[in-house]
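Some notes on the structure that comes next.
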Amino acid sequence: MQVTMTVNGNEVSEEIEPRHLLVHFIRDQLGLTGTHWGCDTSNCGTCVVLIDGEPTKSCTTLAAMTGGHEVTTVEGLEVDNVLDPVQEGFMQCHGLQCGFCTPGMMLTARALLDSNPNPSEDVIREAISGQICRCTGYSTIVRSIQWAAEHESAVSIGSPA
Amino acid sequence: MTTTEPAPTEAEERPVGFGRLLRKEDPRLIRGMGKFVDDIQMPGMLHLAILRSPMAHAKIVSIDKSAAEAHPKVVAVITGEDLAEQGLAWMPTLSNDVQAVLATDKVRFQHQEVAFVVAEDRYSARDALELIEVDYEWIDPVVDVRSAMDADTPVIRDDLEGKTDNHIFDWETGDEAATNAIFESADVVVSEEIIYPRVHPAPMETCGCVADVERVSGQLTLWSTTQAPHAHRTVYALVAGLPEHKIRVIAPDIGGGFGNKVPIYPGYVCAIVASLVIGKPVKWMEDRTENLVSTGFARDYVMQGEIAATKDGKILAVRTNVLADHGAFNGVAAPTKYPAGFFGVFTGSYDLEAAYCKMQAVYTNKAPGGVAYACSFRITEAVYLIERIVDCLAYELEMDPAELRLKNFIQPDQFPYESKTGWVYDSGDYEPAMRLAMEMAGYDELRREQAEKREKGELMGIGISFFTEAVGAGPRKDMDILGLGMADGCELRIHPTGKAVVRLSVKTQGQGHETTFAQIVAEEIGIPPEDIEVIHGDTDNTPFGLGTYGSRSTPVSGAAAALVTRKVRDKAQIIASGMLEVSVADLEWVKGSFHVKGDPSKSVTIQDIAMKAHGAGDLPEGIEGGLEAQICYNPENLTYPFGAYICVVDIDPGTAVVKVRRFIAVDDCGTQINPMIIEGQVHGGLADGVGMAMMEMIAFDEDGNCLGGSLMDYLIPTALETPDWETGHTVTPSPHHPIGAKGIGESATVGSPPAVVNAIVDALKPYGIRHADMPLTPSRVWETMRGNHTPPI
């Protein structure tokens with residue numbers, strides 16, 4: 001079957017099997033490997049992408065269900081060489097170690113800040129509670145999101161260390 | 001020096017050397033531009049999926065693969081028998097046992113590898129698994145570790161010649177007679193069965209690989225989720241008979257390891273065989289269930305702990321009898337002479353008169369493994385034992401657990417300290433760390449609050465643990481894995497323009513080596529970290545060494561990086577003496593340049609020297625051009641990081657739900673390279689501790705079915721179960737490490753479980769509870785409160 005959707009602002013139209021999971025469609029067919037896969041059961045959240053701005057686990061979403069919708073992956077966070085403040089926050093506050101859960105965490109953070117520009121620590125923890133990080137113990141992820149909230153208006157260009 | 005960790009601030013100056021420095025890894029990872037194994041796509045690449053046994057113990061009667069082979073997208077279906085024809089059905093484990101790549105005679109644990117399919121895409125490969133018909137004949141499984149050695153128990157490893165029972169090894173350490181004598185005459189003896197259940201590292205990225213064998217040259221390139229690429233290369237050479245110079249193992253970005261990516265798994269071997277036979281690249285990636293049910297688990301020790309003391313709280317001796325469940329194959333990754341890893345440090349941080357441990361390890365019908373999950377070679381179990389039994393003693397003596405520990409610490413003037421089991425602790429200063437943790441926690445105030453709450457029937461607990469680790473394996477006179485000495489190489493090249501590349505034998509899985517190793521080189525030679533490229537995880541492009549696990553990167557490879565840089569600097573000094581026309585002895589090193597003593601205006605920078613080393617004109621006599629060096633570092637001793645942890649919990653008496661309210665961690669890992677990264681390493685380990693203490697367990701039913709086969713069953717802490725960590729540090733450098741660093745990767749995973757359990761048990765003191773086994777889930781806490789505590793295994 002044919003599916004057409006918008007991914008990171010670009011319209012894509014591809015032939016898929018009806019059973020194809022969105023995570024595999026994004027990774028294997030579109031080659032956007034920043035979206036990772038970590039479990040089969042919607043528990044780990046490393047596969048989170050935004051569908052029409054809502055954090056969604058792409059390992060339990062059929063690509064076919066996404067037809068006509070707007071998908072944002074980690075590759076869509078940086079626009080015209082300007083990092084999203086969430087990306088900058090994760091670098092500044094050591095919000096990542098292995099980096100595997102990071103794309104999903106950052107997208108959830110983006111959606112949270114879009115709806116709540118100044119979330120409390122408890123609200124941040126609740127927002128990312130559907131996602132697992134095995135490296136950081138979460139405190140630095142919380143700080144990263146707080147950093148982003150404080151710097152939302154700032155335009156920053158990510159500078160490699 | 002005792003300080004607390006400063007809160008992170010932004011835009012600090014970038015240090016040329018040690019200090020808080022943002023990570024070099026992050027710019028690619030936050031853009032989703034990391035390169036993980038499953039991200040690798042190659043033209044014509046095929047996909048491999050593994051058929052696993054539904055039973056824990058069964059004879060394989062027959063396998064019919066014809067329907068799978070007929071699937072239009074299937075390229076090959078391979079069984080154990082097929083592998084046996086090539087002599088590849090079995091492979092060595094890291095403990096000199098053998099493990100089936102694919103089962104031939106019988107299956108020995110649920111989800112053991114039975115056959116594999118190679119197909120054009122990942123969906124078809126998994127479809128075809130369902131077309132393979134296997135006829136099994138049930139054999140009673142050995143699930144209960146306590147009955148594994150009973151006379152009428154089925155023999156699991158009948159593949160081993162002459163094997164008539166499920167015994168693996170007996171091991172002992174310490175002085176049995178001296179220990180027993182103390183126990184016989186001691187004022188107070190406390191005994192408790194203390195269980196460390198089976199848990200799993202469960203890194204977010206599962207294990208997998210892409211194998212590509214070039215048909216003409218025979219060159220194998222293996223992109224693999226490995227923490228030890230060089231060791232794996234050698235084992236592949238030994239297993240498959242491939243010439244080692246034709247094997248290139250590449251560990252690209254790794255999505256967490258925690259020990260899970262140390263062993264060689266059947267899937268890697270299957271992918272190599274498949275590529276070899278088919279002549280195309282083959283990818284194998286586990287799904288989450290496969291990761292949890294078949295790859296390296298951790299712990300699974302039943303420990304009978306005993307402690308002897310005077311009535312005023314002087315600890316005299318510790319004795320323990322351990323039953324170790326190693327699963328169906330002895331796949332423990334530990335140095336050859338240490339079948340129980342470094343469990344011998346179970347004497348902890350205390351100055352004892354005697355200690356003795358006796359251990360028996362057995363086979364059961366469970367997945368193989370045993371050393372994983374950031375355990376520092378079984379130190380996790382050892383620390384849990386001593387820190388739990390010390391709390392049991394405090395309970396019996398009605399003594400404050402902090403006071404009891406302070407009374408028994410090894411004193412600063414006793415270092416280097418030889419423990420009663422023969423471990424030489426390099427350095428330590430325990431009391432300041434303990435005092436700092438107590439000060440940060442507001443310990444006395446917490447105890448007052450607890451007393452008030454108890455009056456009102458509220459359940460609040462304060463748990464302490466104080467741990468000493470032994471990391472950085474290890475001195476080659478004592479330590480090897482499969483005959484490979486546990487040393488690490490390092491190579492440093494300074495390019496003509498003064499930029500550098502350093503090549504490591506260890507491999508980050510998130511620890512930040514690309515940053516911290518650049519900082520080590522920067523500290524030693526004054527080149528800014530941004531001008532230093534760290535190359536690792538590629539056997540063709542790095543010197544040999546045993547990889548990253550057991551917190552060994554900084555103690556071993558970090559030492560190698562410092563020493564290779566000093567070697568380069570020594571050569572630079574000779575070149576500088578020629579440039580400045582003075583003798584070598586007349587030069588003084590100020591980070592980044594050599595000055596003429598007494599005349600700082602005459603100086604050359606390391607960048608000047610690098611250009612001279614590669615440039616025109618003569619160099620001092622006997623000096624070759626270029627500015628590079630390579631070394632292989634053999635550590636003189638292990639390093640002994642330590643820490644003091646305090647956990648505060650509240651328990652809802654109506655639901656038995658435990659809330660970790662606070663967690664204070666003071667760590668001493670010697671010299672600090674990057675405090676930001678150290679803090680991150682500690683945080684991650686603390687979350688592990690909360691998980692193991694309260695949530696995580698790989699359990700089995702009586703038929704040997706694994707009950708922890710998904711993240712719905714195997715629970716891992718989220719941001720809701722973990723508090724905002726409070727960290728601090730003291731600095732007691734290692735005397736034998738070139739920069740005084742000790743390693744930090746596993747400290748918190750080792751130290752935190754007893755703190756959490758001690759806190760929960762402390763909260764339950766009004767119920768007369770002295771001990772309860774992990775995982776302390778609400779239901780297990782509920783039962784414990786009602787006097788119905790049962791061991792988890």
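Residue numbering restarts at 1 for every chain, and letters A, B, ... go by the order of the sequence lines.
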Any residues in [range] near chain B, with a heavy-atom distance under 4.5 Å, and which are they?
range	value
residues 11-36 of chain A	Arg19(A), His20(A), Leu21(A), His24(A), Arg27(A), Asp28(A), Thr33(A), Gly34(A), His36(A)
residues 129-139 of chain A	Ser129(A), Gln131(A), Ile132(A), Arg134(A), Cys135(A), Thr136(A), Gly137(A), Tyr138(A), Ser139(A)
residues 48-58 of chain A	none
residues 104-124 of chain A	Met106(A), Glu121(A)

*Contact part of Leu77(A) toward chain B, heavy-atom cut-off under 4.5 Å: side chain, backbone, both or neither?*
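Neither the backbone nor the side chain of Leu77(A) comes within 4.5 Å of chain B.
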
*Contact class of Glu78(A) relative to chain B, heavy atoms under 4.5 angstrom*: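 The side chain, not the backbone.
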
Below 4.5 Å from any heavy atom of chain A, which atoms of [X] appear? Answer side chain, backbone, both or neither.
X	value
Asp253(B)	neither
Met33(B)	neither
Tyr373(B)	side chain
Asp38(B)	both
Gln41(B)	side chain
Ile677(B)	both
Arg28(B)	neither
Phe36(B)	side chain
Ala518(B)	neither

*Against chain A, work out which of Arg122(B), Gln509(B), Glu25(B), Glu721(B) has the most heavy-atom pairs shorter than 4.5 Å and name it.*
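Going by pairs under 4.5 Å, I would pick Arg122(B).
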
*Give the member of Gly684(B), Pro723(B), Ala719(B), Gly512(B) that has the highest number of heavy-atom pairs under 4.5 Å with chain A.*
Ala719(B)

Within the structure provided, determine whether [X] and [Y] are in side-chain contact (heavy-atom separation under 4.5 Å).
X	Y	result
Gln681(B)	Gln97(A)	yes
Asp40(A)	Met712(B)	no
Leu96(A)	Asp26(B)	yes
Thr102(A)	Leu29(B)	no
Met91(A)	Pro27(B)	yes

*State, to 0.1 Å, how close Val74(A) and Gly32(B) come at their nearest heavy-atom pair, and which atoms those are.*
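Result for this residue pair: CG1-CA, 3.7 Å.
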
*Output, in order, the C-alpha distance, side-chain angles, deciding distance and verdict of side chain to side chain contact (heavy atoms under 4.5 Å, CB included) for Met204(B) and Cys44(A).*
CA-CA 8 Å; Met204(B) 296 316 300; Cys44(A) 81; 3.3 Å; yes

_Interatomic spacing from OH in Tyr714(B) to SG in Cys39(A) - rounded to 0.5 Å_ = 14.5 Å

